[in-house]
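The block underneath contains the structure these notes are about, expressed in structure tokens.
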There are 2 protein chains.
Amino acid sequence: MPDIQEGKAAIDQQIRHLQDTLYVINGKWKLPILVAVHQGNTRFRDIQRSTGGITTKALSKELKELEQNKLVLRKVYDTSPPRVECTTTSYCDTLSNMIAEMIDWGKNHRNKIKED
Amino acid sequence: MPDIQEGKAAIDQQIRHLQDTLYVINGKWKLPILVAVHQGNTRFRDIQRSTGGITTKALSKELKELEQNKLVLRKVYDTSPPRVECTTTSYCDTLSNMIAEMIDWGKNHRNKIKED
DNA sequence: CATACCAGTTACCTAAAGGATGCCAGATAT
DNA sequence: ATATCTGGCATCCTTTAGGTAACTGGTATG
């Protein structure tokens with residue numbers, strides 16, 4: 001938690017950064033997609049299959065957002081049938097620590113809740 | 001990002017942990033509330049005012065969820081007018097690292113996006 | 001006497017997220 | 001010749017998040 005000593009303005013600023021992050025990774029699919037792509041699933045249908053259950057509409061939308069946030073790179077080949085190859089960017093790696101912490105906490109939390 | 005070497009089952013497990021975490025901190029208000037309470041705002045109306053804009057209905061709901069997840073403690077005094085005092089639990093401190101990473105990343109990301 | 005405050009609850013509404021289904025067009029595989 | 005694959009898009013639907021406004025009952029304040 002942010003230190004109680006910090007001024008209100010500084011804390012409000014931190015909350016805004018937090019909300020920026022939440023905004024980028026929000027929703028049901030962003031992280032699963034990121035992991036799937038990072039694993040080596042480059043094609044649209046492959047990503048769809050490996051995330052299990054996402055519709056084309058949702059996947060299409062999510063990929064666009066991930067691309068806008070520079071976490072995924074989409075190369076479109078003007079062939080027929082169309083070919084698109086998605087990869088995670090090196091910038092995507094800056095999420096490593098955060099994701100690791102989130103995984104850690106989620107794991108720990110599940111145990112904590114089970115102890116009720 | 002999770003290591004590409006890990007098996008699919010392990011990765012799926014990590015995704016589930018991730019989703020657990022996202023589930024707990026989701027929405028517009030959870031983190032702002034947590035910070036407000038941690039700052040020392042214990043009373044319902046104080047929290048409402050210091051988060052700026054949340055309605056009683058939303059705050060009531062969010063506090064219940066935070067309590068269920070053992071991040072906030074609600075002490076209800078059976079007086080009249082009713083008095084409730086909210087505090088963050090020590091367990092809430094286990095979020096420190098994660099939140100710090102999220103703040104860091106959000107800060108960095110805003111700059112990154114501005115470079116377009 | 002009237003008003004405002006405590007901590008909510010209830011009913012109602014809107015916007016967004018997410019899902020289901022069907023379609024396109026050209027190419028390849030059976 | 002028929003089916004299947006490609007990366008989507010259009011349409012319709014349900015679910016959820018979140019907001020608005022009104023109200024409660026007892027108490028303290030003006």
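To find a chain, count down the sequence lines: A is the first, B the second, and so on, and within it residues start at 1.
For the pair Asp78(B) CG and dG8(C) P, the interatomic distance rounds to 12 Å; values are reported in whole Å. The nearest whole Å value for the distance from the OH atom in Tyr77(B) to the C1' atom in dG8(C) is 18 Å. Rounded to an integer number of Å, the gap from Lys61(B) NZ to dT10(C) P is 15 Å. Taking atom CD1 on Ile33(A) and atom P on dG8(D), their separation rounds to 13 Å, with Å as the unit. Note: CD (Gln48(A)) to P (dC9(D)) measures 13 Å, nearest angstrom. dG18(C) atom C1' lies 15 Å from atom CG of Asn26(B), rounded to whole Å. Taking atom CG on Asp46(A) and atom P on dG8(D), their separation rounds to 13 Å, with Å as the unit. Between Leu59(B) atom CG and dG8(C) atom P the separation is 8 Å, expressed in whole Å.
Contact annotation: Arg43(A) does not reach the phosphate of dT6(D) (side-chain N/O to OP1 or OP2, under 4.0 Å). Residue Arg83(B) has no polar side-chain atom (N or O) positioned under 4.0 Å from OP1 or OP2 of dA28(D). Dashed line: the shortest gap from a side-chain N or O of Arg45(A) to OP1 or OP2 of dT4(D) is not under 4.0 Å.
Applying the side chain to side chain contact (heavy atoms under 4.5 Å, CB included) test between Ile33(B) and each of Thr88(B), Leu63(B), Val72(B), Leu71(B) identifies Leu63(B) as the sole match.
When distances run from any side-chain atom of Val84(A) to the nucleotides dG19(C), dG7(D), dG18(D), the shortest one goes to dG7(D). For Phe44(A), whose side chain is taken as the heavy atoms from C-beta onward, the closest listed nucleotide among dT27(D), dG18(C), dG8(D) is dG8(D). Distances were taken from every side-chain heavy atom of Pro81(B) (C-beta onward) to each of dT6(D), dG19(C), dT27(D); the shortest belongs to dT27(D). The side chain of Arg49(B) lies closest to dC6(C) when the candidates are dC6(C), dC9(D), dT9(C). Considering only the side chain of Lys28(A), dG18(C) comes nearest among dT6(D), dG18(C), dG18(D). Checked against dG8(D), dG18(C), dG8(C), the side chain of Glu62(A) finds its nearest nucleotide in dG18(C).
Among the protein residues, Lys57(A) comes within range of the nucleic acid bases, having at least one heavy atom under 4.0 Å from a base atom. If you check every strand for non-hydrogen atoms under 4.0 Å, Thr56(B) touches a base. Among the protein residues, Thr55(B) comes within range of the nucleic acid bases, having at least one heavy atom under 4.0 Å from a base atom.
Of the residues near DNA chain D, Lys64(A) and Pro82(A), the one whose nearest nucleotide (by heavy atom distance) lies more toward the 5' end is Pro82(A).
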Can you check side chain to side chain donor-acceptor pair (under 3.5 Å) on Asn108(B) and Lys112(B), steps first, answer last? CA-CA 6 Å; Asn108(B) 194 67; Lys112(B) 176 83 178 179; over 6 Å; no
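Arg16(B) places none of its side-chain heavy atoms less than 4.5 Å from the side chain of Leu18(B).
Counted by atom type alone, Lys107(B) and Asn111(B) present zero donor-acceptor pairs between their side chains at under 3.5 Å. If you check the side chains of Trp105(A) and Thr94(B), you find a donor sitting under 3.5 Å from an acceptor.
Remark: the backbone N or O of Cys92(A) is paired with a side-chain donor or acceptor of Thr89(A) at under 3.5 angstrom.
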